[in-house]
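Just so it is clear: chains get the letters A, B, ... in the order the sequence lines come, proteins before strands, and each one is counted from 1. Quick caveat: nothing in here was measured; it's all calculated off a predicted structure.
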Amino acid sequence: MMTHKAGEHAAIALTLDGTPVVEQAPTRMLLSDFLRQTCGKTEVHVGCEHGVCGACTVRVDGRPVRSCLMFAVQAAGHHVETVASLGTRDDLSMLQRQFHEHHALQCGFCTPGILSSAQAFLEEHPEPTEREVVEMLTGHLCRCTGYRAIIDAVLACARERKEGTS
Amino acid sequence: MKPARFDYYLPATLEEALATLSELGSDGKVLAGGQSLVPMLNMRIAQPAALIDINGLVDLDAITCEHGALRVGAMVRQATLERSGPALGQVPLLAQALPLVGHWQTRNRGTLCGSLAHADPSAELPLLLSVLNGSVEVHSSRGVRTVAARDLFVSFFTTSLEADELIVAAYLPIAPARRRYAFNEFAQRHGDFALVSVACAVEFDEQGMLAHLTLALGGAGEVPLVVEAADALGRLLDRELIAALAERASTACDPPSDHHASAAFRRQLVRTLTGRMLTALVPQEEAAAT
């Protein structure tokens, strides 16, 4: 049984955006803080820190989860993907480009979390209804857009993915 | 918004987990999906001296059928249940209740058994266990026991589990062929805690009379409340009976008053939701006749 006394650091080996990483962290450190402060992934945004706002959402083994509701030590041995795994400034992913084209973000605080959720959502729901997109988005708070443009961007991405595969 | 320090244990076997729980007693808190516990740790509402993380117990991540029930292990995520065709077929109420639990993203971590152990009276899954008359399998280093839903929930966030006990699985009875279910709730926003929730299981005989009725309420007291309804058996579920049951439900419950809603409003919600839910379950031929 692995045991760490309060205040002790644990060695955490995980795959982060496709790259193997080994870092030390105290066991009480949240995955969100670990990704930002220890691994330098400041694209993981921290909002409410109790699982409501969705800003810190990342994919763990492909599934979107709240990184503020996991401890870093729990990510050991798992694949963690932040929004950085989707695309880069010069080479946006299809979903990111659709967000750009639909003006689906304004301040950008909620965006990395929403992109992480929406990417996993589209892989699981290749032909989503608008209702299903809205249900997925209930797990995220955005105070700028009113959500309409985000829904349109996700639906447009689903259409583009479908055209690409047919 | 950062958790206080805690000792962290990651047992590799159930025996290790139970021995650790037994050694730590009430200083130890079990961490499964963490979707209720970690917010409480972050806000320091809870500051346990130690966390026992059961995410390493892969044997507990299994859904099986045993003794006429779906046995859902303690590490089965809500999202896994939601995507399991056989599970939803055998316990169709899961398909109605699970989409109401938190959000799609939190269900990827949250577990059924964790929600039962947390015993939030406004949560959907304790109500689901209650209306199905399910049970949990509880282990400790002292032995194994089965606890029925009605004996599990004691008060707000309080179960009858001892400090050294762990819920290893939940048993959800497999639906009899003619039984039908409904789950309905009122929340201010989808994914929020419901102000109140109602659920029921009904069965009609060949004559269209009630052969089974379990009616239960969530968020309307300290624990999920099963409303006494034995006198409705053998009767037609007509408008009069539905109104009487809705009235009984609203007076039987003891909902809290808070800044979201007064107790009186919650009682009114119980009456309305119960009436609507039962009306939707009336067999079509009777609905046409009345």
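For the side chain to side chain contact (heavy atoms under 4.5 Å, CB included) with A/Cys56, the qualifying choice from A/Ser116, A/Ser32, A/Cys48, A/Pro112 is A/Ser32, the only one to do so. For the side chain to side chain donor-acceptor pair (under 3.5 Å) criterion with B/Arg145, the lone passing option out of B/Glu165, B/Glu162, B/Glu137 is B/Glu165. Results of the side chain to side chain contact (heavy atoms under 4.5 Å, CB included) test with B/Arg71 over B/Thr64, B/Leu172, B/Val76 single out B/Thr64 as the only residue that passes.
Interface residue B/Leu31: only side-chain heavy atoms are found under 4.5 Å from chain A. Both the backbone and the side chain of A/Ala120 come within contact range of chain B, judged by heavy atoms closer than 4.5 Å. Both the backbone and the side chain of A/Leu69 come within contact range of chain B, each with at least one heavy atom under 4.5 Å from a heavy atom of that chain.
Summarising the geometry of B/Leu14 relative to B/His139, their closest heavy-atom pair is CD2-ND1, 3.9 Å, with the distance given to 0.1 Å. Between A/His103 and A/Ala149, the shortest heavy-atom distance links the atoms O-CB, 3.5 Å. When all heavy atoms of A/His45 and A/Gly108 are compared, the pair lying nearest together is CE1-O, 3.6 Å. Across every non-hydrogen atom of A/Gly47 and A/Cys53, the tightest pair is CA-SG, 3.7 Å.
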Taking only distance into account, with no hydrogens and no angle test, what donor-acceptor pairs under 3.5 Å do side-chain atoms of residues 119-128 of chain B form with protein atoms, sequence neighbours excluded?
from: B/Asp120; atom 1: OD1; to: B/Ser122; atom 2: N; distance (Å): 2.9
from: B/Asp120; atom 1: OD1; to: B/Ser122; atom 2: OG; distance (Å): 2.9

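Identified by a heavy-atom distance below 4.5 Å to chain A, the contributing residues of residues 39-52 of chain B are B/Pro39, B/Leu41, B/Asn42, B/Met43, B/Arg44, B/Leu51, in residue-number order. Contacts of residues 81-98 of chain B with chain A at a heavy-atom distance below 4.5 Å involve B/Arg83, listed in sequence order.
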Worked verdict on B/Asp164 versus B/Arg142 for side-chain contact (heavy atoms from CB on, under 4.5 Å) = CA-CA 9 Å; B/Asp164 64 344; B/Arg142 295 172 289 123; 2.8 Å; yes
ask   = side chain to side chain donor-acceptor pair (under 3.5 Å) between A/Asp61 and A/His79: does it pass, once the steps are laid out?
value = CA-CA 5 Å; A/Asp61 300 330; A/His79 285 260; 5.5 Å; no
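For the side chain to side chain donor-acceptor pair (under 3.5 Å) condition, no pair includes a residue of residues 12-41 of chain B, sequence neighbours left out.
Interface summary for chain B: among A/Glu135, A/His140, A/Glu8, A/Lys5, the most heavy-atom pairs under 4.5 angstrom belong to A/Lys5. When A/Gly51, A/Ser117, A/Ala10 are compared by the number of non-hydrogen pairs under 4.5 Å with chain B, A/Ser117 comes out ahead. When each of B/Ala4, B/Pro99, B/Gly34 is checked for heavy-atom pairs under 4.5 Å with chain A, B/Ala4 comes out on top. Ranked by heavy-atom pairs under 4.5 Å with chain B, the list A/Met29, A/His50, A/Met136 is led by A/His50.
Using cut-offs of 30° and 60° for the angle between ring planes, the A/Phe121 and B/Trp104 rings count as perpendicular.
For A/Glu49 and B/Lys2, the salt-bridge test passes: some basic side-chain N is under 4.0 Å from an acidic carboxylate O.
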